[in-house]
Amino acid sequence: TLLLSARRGTSVRTLERLLEFGAAFDARDARGNTLLHYLAENREDGVAERIAWALERGADPTLRNDRDETALDHARRQRNETAANALEGL
């Protein structure tokens with residue numbers, strides 16, 4: 001799924017293809033996490049670019065998971081400065 005691909009650090013090109021096949025940005029896992037929540041814990045190179053790409057295409061940064069966390073909250077709890085910086089100011 002799109003969520004699992006984001007977690008593994010899939011390229012933007014692959015994510016684009018998944019969208020073409022109907023993957024949903026704001027789909028949630030069993031804990032209410034969205035694509036942005038998964039990106040918020042990803043520490044691989046290019047995560048800021050993937051976050052920007054998702055936001056440009058309509059991913060909703062205000063959605064909260066079952067812990068009542070937005071993706072920014074999640075990035076901060078994970079101490080992921082790169083992801084937090086990409087999500088701040090939204």
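Counting begins at 1 with the first residue of the sequence.
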Next on the checklist: What verdict does the salt bridge (charged side-chain N to carboxylate O under 4.0 Å, His left out) test give for Glu88 and Arg76, after you've listed the backbone C-alpha separation in whole Å, the side-chain angles of each residue and the deciding distance to 0.1 Å?
Outcome noted: CA-CA 10 Å; Glu88 282 180 333; Arg76 287 177 175 156; 3.0 Å; yes
Item to check | Rounded distance (nearest 0.5 Å) linking atom CG of Leu72 with atom CG of Asn85 | outcome: 9.5 Å
Checklist entry - Can you list the residues that meet the side chain to side chain contact (heavy atoms under 4.5 Å, CB included) rule with Glu16, with sequence neighbours excluded? => result Val12, Trp53, Arg57
Checklist entry - Between CZ of Arg50 and CG of Leu36, what distance do you get to the nearest 0.5 Å? => result 12.0 Å
Next on the checklist: Quick check for you: to the nearest 0.5 Å, what is the distance between Thr82 atom OG1 and Asn42 atom CG?
Outcome noted: 10.0 Å
Checklist outcome for this item: Taken in chain and number order and not counting sequence neighbours, the residues that satisfy side chain to side chain donor-acceptor pair (under 3.5 Å) with Glu56 are none
Checklist entry - Nearest heavy-atom pair of Leu35 and Ala54: which atoms, and what distance? => result CD2-CB, 3.8 Å
Checklist entry - With Asp60, which residues qualify under side chain to side chain contact (heavy atoms under 4.5 Å, CB included), at least two apart? => result Asp26, Thr62, Leu63
Item to check | Listed partners of Asn65 passing side chain to side chain contact (heavy atoms under 4.5 Å, CB included), at least two apart | outcome: Asn33, His37, Arg67, Glu69, His74
Item to check | Partners passing side chain to side chain donor-acceptor pair (under 3.5 Å) against Thr70 (at least two apart in sequence or in another chain) | outcome: Asp73
Item to check | Partners passing side chain to side chain contact (heavy atoms under 4.5 Å, CB included) against Ala83 (at least two apart in sequence or in another chain) | outcome: Ile51, Ala75, Asn80
Checklist outcome for this item: Smallest heavy-atom separation, Asp66 atom then Ala30 atom, equals OD2-O, 3.4 Å
